[in-house]
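In what follows, chains carry the letters A, B, and so on, assigned in the order in which the sequence lines appear, proteins first and then strands, with residues in each chain numbered from 1. Keep in mind that the numbers below use all heavy atoms, side chains included, and drop hydrogens, waters and symmetry copies.
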Amino acid sequence: AQKVTQTQTSISVVEKTTVTMDCVYETRDSSYFLFWYKQTASGEIVFLIRQDSYKKENATVGHYSLNFQKPKSSIGLIITATQIEDSAVYFCAMRDNSAGNKLTFGIGTRVLVRP
Amino acid sequence: NAGVIQTPRHKVTGKGQEATLWCEPISGHSAVFWYRQTIVQGLEFLTYFRNQAPIDDSGMPKERFSAQMPNQSHSTLKIQSTQPQDSAVYLCASSLVGGNTGQLYFGEGSKLTVL
């Protein structure tokens, strides 16, 4: 069965600096997709960025980028030039072929960006 | 474009009462998912429909919980004889099927409180 683990419960950073979050996953499939989602204080969950397992290049969208280390089954999220509004809970998620279309989520990492 | 719409946003029930939660997926999305979110368990998958057909209900508690999708614009999650441990935020999400790698679009959730 697939499993997604986020070990960092919370992270606090100063505005305009970089924050890095860890995520490791377990899957038996050779093809899978990895996602990061953000949940704001209002409860809204939004998609941020995706990494396809067959791609060697790390995905980048705006000030979000991924550190994909396939041999370590690791997909870290990096947020550069953080802003106060980046304060949220960040979820790592995985979809593999055995799961159909459903995503398995990690427990989340709470990020606080302070002035 | 309207996102995923969930009603009610908040529901309070007494122990033993029934609760029905509604979800309207994004138009054109043929996959609908239900997740439950609690502090302890995080985001738990409950069930998934594709083209209105139930595909995977492996996360649904075997008793008291049921989900239906009578048409492409409407899904319901029903909890009979609610218990305090059912208290959670119930999230509905939709996605495209075929050509999409599993990105989910979430509603704002229905917060269920069982007294």
Side-chain angles (χ1 to χ4, degrees), chain A residues 1-10 21 23 25 27 29-55 59 61 64 66 68 75 88-110, chain B residues 1-6 8-10 23 25-26 29-60 67 88-112:
Chain A
Q2 57 274 61
K3 185 178 179 181
V4 177
T5 303
Q6 295 178 254
T7 56
Q8 298 157 300
T9 305
S10 64
M21 282 163 267
C23 174
Y25 56 89
T27 178
D29 287 356
S30 57
S31 177
Y32 49 90
F33 303 93
L34 302 161
F35 304 81
W36 280 89
Y37 284 79
K38 170 184 177 180
Q39 185 170 35
T40 62
S42 68
E44 182 184 19
I45 299 176
V46 294
F47 164 77
L48 294 178
I49 191 169
R50 181 187 94 226
Q51 180 76 40
D52 301 344
S53 63
Y54 59 87
K55 292 186 177 179
V61 175
Y64 303 107
L66 297 178
F68 181 40
I75 184 72
V89 178
Y90 291 81
F91 292 97
C92 178
M94 176 178 67
R95 175 202 167 205
D96 61 20
N97 289 335
S98 66
N101 261 35
K102 78 181 184 191
L103 297 188
T104 299
F105 286 85
I107 199 70
T109 296
R110 182 176 298 277
Chain B
N1 289 330
V4 175
I5 299 171
Q6 290 188 249
R9 293 293 314 281
H10 302 274
C23 172
I26 293 172
H29 283 191
S30 50
V32 173
F33 303 80
W34 284 96
Y35 281 82
R36 175 169 65 182
Q37 185 176 29
T38 60
I39 298 294
V40 174
Q41 298 293 334
L43 280 160
E44 295 178 278
F45 168 78
L46 294 177
T47 189
Y48 153 47
F49 295 86
R50 184 171 65 214
N51 296 321
Q52 300 172 233
I55 300 298
D56 182 351
D57 66 353
S58 59
M60 290 279 274
V89 177
Y90 290 83
L91 291 154
C92 177
S94 69
S95 77
L96 296 166
V97 175
N100 175 268
T101 53
Q103 180 182 332
L104 301 186
Y105 297 79
F106 283 87
E108 294 182 306
S110 293
K111 184 176 182 179
L112 175 67

Student: For B/Glu108, look at atom CD and say whether over 12 heavy atoms of other residues, nucleotides or ligands are found less than 6.0 Å away.
Tutor: no
Student: As an exercise, state the distance from CD1 of A/Ile49 to CD of B/Gln103, rounded to the nearest 0.5 Å.
Tutor: 11.5 Å
Student: What's the shortest heavy-atom distance between B/Tyr35 and A/Leu103, and which atoms?
Tutor: OH-O, 2.6 Å
Student: Can you tell me how far apart CD1 (A/Ile107) and CD (B/Gln41) are? Round to the nearest 0.5 Å.
Tutor: 7.0 Å
Student: Using a cut-off of 6.0 Å, state whether more than 12 heavy atoms not belonging to B/Arg9 lie near its atom CZ.
Tutor: yes
Student: What part of B/Ile55 is in contact with chain A, defined as an atom under 4.5 angstrom from a non-hydrogen atom: side chain, backbone, both or neither?
Tutor: neither
Student: B/Leu104 versus A/Tyr37: any side-chain heavy-atom pair under 4.5 Å?
Tutor: yes
Student: Measure distances from B/Val40 to the heavy atoms of chain A and classify the residue's part below 4.5 Å as side chain, backbone, both or neither.
Tutor: backbone
Student: Please find the pair of heavy atoms, one from A/Lys102 and one from B/Asp56, that lie closest to each other, and give the distance.
Tutor: NZ-OD2, 3.3 Å
Student: Locate the shortest heavy-atom distance separating B/Gln37 from A/Phe91; write the atom from each residue and the value.
Tutor: NE2-CZ, 3.5 Å
